Amino acid sequence: MTKPASNLQIDSSRLWETIHTTAQFGATPKGGVRRLTLGPEDKQVRDWFRTACEKAGLEVQVDGLGNMFALRRGRDMSKPPLGLGSHLDTQPTGGKFDGILGTLAALEVIRTLNDAGIETELPLCVTNWTNEEGSRYAPAMMGSAAFVGDFTVDDILGRKDAAGISVAEALDSIGYRGDRPVGAQPFSGFLELHIEQGPILEAEGKTIGVVENGQGVLWYDGKITGFESHAGSTPMNLRRDALATLSEIVLAIEAIAVELGNAVGTVGEAVIASPSRNVIPGEIAFTIDARSADAAILAQLDERIRAAAAGIAAKRKVEVALDLVWRKEPTHFDKTLVGAVESAANALGYASRRITSGAGHDACNLNAKVPTAMIFVPCKDGVSHNELEDATQTDCASGANVLLHTVLSLAGVAK
Ligand SMILES: [Zn+2]
């Protein structure tokens, strides 16, 4: 019997149960998950996911980097499928929801359509991307990055983990080096549901984040070269102190980000070469992570950080070298898809707001090639990449319902 599509709801308890079933693969004593990409626990969850997809009538294919594509036929097979999904790998001390919610909610959407006897016009493709987290292998979001051609497949296959095991060896050891060429799966659009990983939705009492943008990123490796000398006998006006220089740079970055607005800037690593309590630091290696969702502000961040570093270096008579090791322009998700997400949230009566993603996601990579949008739901205290990561059953179900109705509006119901 076919139910009217407009009243359709996903099965909240079934979704919740699948989240907790898969959380057993790599469960940690503190209630989190440790499921490093392409390891034995990743194989367990992938096998579970493949079987669940096949039971739901999907045809599962795997590409040369282990990205998984589970196809549900549509009435019109001449069109590419609408993609929906996220990732199943976690951080070493990760949670049950980051990535997993989006992948399992996509499966839940298929199960709901099956139960209601609904055929969509467009085919649908539930997707699990390999190594979103980037903790075992760099770069993060590796599967989707290679999918859109940001890296070659050979480059990625040769990347090694800390134990010297290559991506190719890891894929073969768990049986997930598929024969589908990377990038071959066509999509008419792609939707990713994810926890916010930040505090905004919870603080404002909103259920749904309609993600408009992803932040652009600047990563620098920095090196300060001053001069090591005796901490007792070198007068203050004759020093070339690398740590005092770094302190000024850190505060300058903080001030620049605050002044520009819609920007963040962080010095997350700093290492003094041969530190000693009675030696003035002569050499320091450090990193900068600066982000903005606005391309013009990102450009100003780059200019002003470099200018500040050069000015401080000249004043203190030290050398400061900044090497830009990664630059990603801001992501602007597809207006039509973003609008479809917002309409679905409104039609379902959920309080929503437009939001920028502070973190990177597979969807940000895909958006370069495929019209893409994201849906956020709140997570407790904004905490993620932590075993304490938590989200409510109600919010997860609401996000999955928005995913379902966005799919129905974009893929169409076959008459
Ligand atoms: Zn994620």
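Values in this document were obtained by computation on a predicted structure and should not be read as measured data. Whatever order the structure lists ligands and atoms in, that order sets their numbers, starting from 1.
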Which N, O or S atom of His194 lies nearest to the Zn ion (ligand 1), by name:
NE2
Closest His87 atom to the Zn ion (ligand 1) [N, O or S only]
NE2
Backbone or side-chain N/O/S of Asp98 under 2.8 Å of the Zn ion (ligand 1):
yes
Assess whether ring-ring contact (aromatic ring centres under 6.0 Å, His included) is satisfied between His361 and Phe333, documenting all intermediate values.
CA-CA 12 Å; His361 293 287; Phe333 288 115; 8.6 Å; no
For the pair Lys223 and Glu283, find out whether any cationic side-chain nitrogen is under 4.0 Å from an anionic carboxylate oxygen.
yes
Just by distance, no angles: are the side chains of Asp395 and Tyr350 close enough, under 3.5 Å, to form a donor-acceptor pair?
no
Quick check on the 6.0 Å ring-centre criterion: do Tyr220 and Trp326 meet it?
no
